[in-house]
Amino acid sequence: MNTNPARGMRDFLPDDVRRRQYVMSVIADVYQRYGFEPLETPAVENIETLMGKYGEEGDRLIFRILKRGEEGKTGEADLALRYDLTVPLARVVAEYRERLPKFFKRYQVQPVWRADRPQKGRFREFYQCDVDAIGSTSLVVEAELLGAAAEVLERLGFSAFTIRLNHRKALGGLLEAAGVAVAKHGEALITLDKLDKVGPDGVTAELASRALLAEADAANLVQLFATGGAATNDDVLRRLRTDMKGHEAGLRGVSELEDIVRLSDASRARGRIRLDPSLARGLSYYTGSIFEIAVPDLTGSLGGGGRYDELVGMFLGSQVAACGISLGLERILVVMNARGMFPPVVGATAAQVMVTIWNADTVADAIRLAGELRTAGLRVDVYPDTDKIGKQVKYADSRGIRFVTIVGTDETTRGEVAVKNLSTGEQQLMPRADVATFIRKHG
RNA sequence: GUGAGUGUAGCUCAGUGGUAGAGCUCCGGAUUGUGGUUCCGGCUGUCGCGGGUUCGAUCCCCGUCACUCACCCCA
């Protein structure tokens, strides 16, 4: 019997869970400080809720749940595992619009599923840590979201991350100005997004081979997108304005970018923002700003997001502005594990003290002593078997438990408890009532 | 969905055409009230699965599955 978890899924042993919980607690804490409220939604959504929201490739990667019974044979699906947390949020907003505040700010940390092929930092089940603000088109939203995400990463110990920023309207303007048919924009964006991977010539060739543009035009377009790493945000803005050739919507996008940079300078994201005309992002629901968080030592991104002012409208009929950012828990953990970025307390042990059992007659008293120490606020383990004391102590040591208590016949007659500190080897007798205080003081 | 690599004890890995080893872990013990060092002893494997070549395959060939990496796409 094969006992591996299903492909792309993982078990989390206690050490893993402690690390994950540490990261999630920092994320939740920071998000709450920014006024975001928690939300949870079901793992399973009706399939039509999800279909058509993520683009062609996204639809393909949705985990479908076959209908039960006869229909199972047809391969027909009516339910699916959620693919991200953004679309479920849009559904929730559409469903509860009247009950939710005018500006609904929520964070959500839950698993999502993608029928992808696993590789480094990429799994079929993974946690997203989303923050989104619903109900405002103000760019204050962008600045706050970027500030919150930057603060999370800083608190976790990341120093060398950058936030790539771009705008769908600016992208659209550039493409139109260059002569790409509107219907082909999505395809062109995905191709241009590969600029940092395949280089200008590669992208030019792909644009031409996909018949999106003639080769000469393609080369020109690529030229526009290839900013060169040294370009400052101001340089990029200037160039965008020129290349837009008066395209109205595109120019509006550029102004928004300018404002986002300016406002973000007043947030924790200050100095992190790098305007990048080649950033496209595959999800089809983005309508305005788009961003992606990058660190040098990971090929993929740590997180991404953007503005999606039309997604809620797909459920509700009327438009509701929305913008959000998502951090990938696993991506963060991959980097933090590789760099050993966890504070020592995260590696800490389950119990602070282990109560040994002297013999069969004192089992109940051991339980009683453990109870007293727990009442005093300690994390306490009780050795379950009446093994030799040496074996019990050895076990405590192997588990990294700092203290053991021993109550043998001598101690019992004196009404005391022997407390041994396994990291120093010191042992001393003390009244039962003093044990908890002693351990707390020396632990 | 495409391509490449790997698949041997719980873990990390070695190995040979004649049905397998090391280190670590684990378990037991070293004058029965005390761990970390040391010493002694011990356990475990259908050598991923199925088929083929061969007198014989863990080792060669084919298939298959799993994992890893890359592409696609993405957190």
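Note on naming: letters A, B, ... go to the chains in the order of the sequence lines (proteins, then strands), and numbering restarts at 1 for each one.
Taking 4.0 angstrom as the limit, A/Gln119 places none of its side-chain polar atoms (N or O) nearer than this to OP1 or OP2 of B/rC69.
Taking the six-membered ring for Trp and thresholds of 30 and 60 degrees, A/Tyr83 and A/Tyr54 have ring planes inclined between 30 and 60 degrees apart.
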**OP:** Could you go through the ring-ring contact (aromatic ring centres under 6.0 Å, His included) check for A/Tyr285 and A/Tyr308 one step at a time?
**Re:** CA-CA 6 Å; A/Tyr285 50 62; A/Tyr308 48 98; 5.7 Å; yes
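Across the P atoms, B/rG50 and B/rC43 are found 27 Å apart, a figure rounded to whole Å. As rounded to the nearest Å, B/rC11 and B/rC61 have P atoms that lie 27 Å from one another. B/rC72 and B/rU16: their P atoms are spaced 39 Å apart (whole Å). Comparing B/rU2 with B/rU12, their C1' atoms sit 32 Å apart, to the nearest whole Å. Annotation: B/rA9 and B/rU58 have their C1' atoms spaced 14 Å apart (nearest Å). On the P atoms, B/rG10 is 31 Å away from B/rA4, given to the nearest whole Å. Between B/rU53 and B/rC60, the two C1' atoms lie 8 Å apart (nearest whole Å). Taking atom C1' on both B/rG41 and B/rG5, the two are 41 Å apart, rounded to the nearest angstrom.
For the pair A/Asn46 and A/Leu79, the minimum side-chain heavy-atom distance is below 4.5 Å. Put simply, the side chain of A/Asp276 does not reach to within 4.5 Å of the side chain of A/Asn166, judged on heavy atoms. Within the 4.5 Å cutoff, side-chain heavy atoms of A/Met430 are placed close to those of A/Val435. Side-chain contact check for A/Arg414 versus A/Glu411: every heavy-atom pair is 4.5 Å or farther apart.
For the atom pair CD1 of A/Ile325 and CD of A/Glu142, the computed distance is 10.0 Å after rounding to the nearest 0.5 Å. In this structure, CG on A/Leu257 lies 10.5 Å from OG on A/Ser264, to the nearest 0.5 angstrom. Expressed to the nearest 0.5 Å, how far CZ of A/Arg270 lies from CG of A/Leu263 amounts to 12.5 Å.
If you measure from atom CZ of A/Arg122 to atom P of B/rU68, you get 13 Å, rounded to the nearest angstrom. Atom-to-atom, CD of A/Glu292 to P of B/rC73 comes out at 13 Å; the value is rounded to the nearest Å. We find that CD of A/Gln428 is positioned 23 Å from P of B/rG33, with the value rounded to whole Å. Rounded to a whole Å, the CD1 atom of A/Ile290 is 14 Å from the C1' atom of B/rC74. Rounded to an integer number of Å, the gap from CG of A/Leu302 to P of B/rC74 is 17 Å. Rounded to whole Å, the distance from CG on A/Asp387 to C1' on B/rG29 is 14 Å. A/Phe291 places its CZ atom 12 Å from the P atom of B/rA75, with the value rounded to the nearest Å. Between the C1' atom of B/rA75 and the CD1 atom of A/Ile325 lies a distance of 11 Å, rounded to the nearest Å.
One N or O on the side chain of A/Gln352 and one on the backbone of A/Arg379 form a donor-acceptor pair closer than 3.5 Å. Remark: the backbone N or O of A/Pro88 is not paired with any side-chain donor or acceptor of A/Thr41 at under 3.5 angstrom. Side-chain atoms of A/Arg91 do not come within 3.5 Å of backbone N or O of A/Phe315 as any donor-acceptor pair. Looking only at distances, a side-chain donor or acceptor of A/Asn359 sits under 3.5 Å from a matching main-chain atom of A/Thr362. No donor-acceptor distance shorter than 3.5 angstrom exists from the side chain of A/Gln110 to the backbone of A/Leu85, with no hydrogens or angles considered.
Note that A/Arg164 lies outside the cation-pi zone of A/Phe291, set by a 6.0 Å cut-off to the ring centre and a 45° limit from the axis. Figure legend: A/Arg106 and A/Phe36 shown without cation-pi pairing, the cationic atom not lying both under 6.0 angstrom from the six-membered ring centre and within 45 degrees of its axis. A cation-pi arrangement is found for A/Arg10 relative to A/Phe123, the charged atom lying closer than 6.0 Å to the ring centre and inside a 45° cone about the ring normal. In this structure, A/Arg124 fails the cation-pi test against A/Phe63, since its NZ or CZ atom is not both closer than 6.0 Å to the six-membered ring centre and inside 45 degrees of the ring normal.
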For nucleotides 23-26 of chain B, list the nitrogen or oxygen atoms of the protein found under 3.5 Å from its nitrogen or oxygen atoms, one pair per line.
none

Quick one: which protein N/O atoms are closer than 3.5 Å to N/O atoms of nucleotides 39-44 of chain B? Pair and distance per line, please.
none

Nucleotides 1-3 of chain B: which of its N/O atoms have a protein N/O under 3.5 Å away?
unit_1	atom_1	unit_2	atom_2	d
B/rU2	O4	A/Arg117	NH1	2.6

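Base engagement by A/Phe123 is indicated by at least one non-hydrogen atom pair under 4.0 Å involving a base atom. A/Gly425 comes within 4.0 angstrom of a nucleotide base, judged by non-hydrogen atoms across all strands.
Taking all atoms of both residues into account, the shortest heavy-atom contact from A/Ile357 to A/Thr386 is CG2-CG2, 3.5 Å. Minimum interatomic distance between A/Val382 and A/Ala370 (heavy atoms only, all atoms of both residues): CG2-CB, 3.3 Å.
Each of A/Ser423 and A/Trp358 lies near RNA chain B, and the nucleotide nearest A/Trp358 is the one positioned closer to the 5' end. Summary of the strand contacts: A/Lys120 and A/Glu57 both lie near RNA chain B, and taking for each the nucleotide with the nearest heavy atom, the more 5' one is attributed to A/Lys120.
Less than 4.0 Å separates RNA chain B from at least one heavy atom of each of the following residues of residues 406-419 of chain A: A/Ile406, A/Thr409, A/Asp410, A/Glu411. Residues from residues 155-163 of chain A placing a heavy atom under 4.0 Å of any atom in RNA chain B do not occur.
For A/Lys388 and B/rU32, a side-chain-to-base donor-acceptor distance below 3.5 Å is absent, hydrogens and geometry of angles not being considered. The base of B/rC74 sits within donor-acceptor range of the side chain of A/Arg331, with an N or O pair under 3.5 Å. No donor-acceptor contact under 3.5 Å links the side chain of A/Gln392 to the base of B/rU34.
In RNA chain B, runs of at least 3 stacked Watson-Crick or G-U pairs (N1-N3 plus N6-O4 or O6-N4, or N1-O2 plus O6-N3, all under 3.5 Å) give these stems: B:1-7 with B:65-71, B:10-13 with B:21-24, B:26-30 with B:38-42, B:48-52 with B:60-64.
The residues A/Arg432 and A/Asp365 are annotated as salt-bridged, a charged nitrogen and a carboxylate oxygen being separated by less than 4.0 angstrom.
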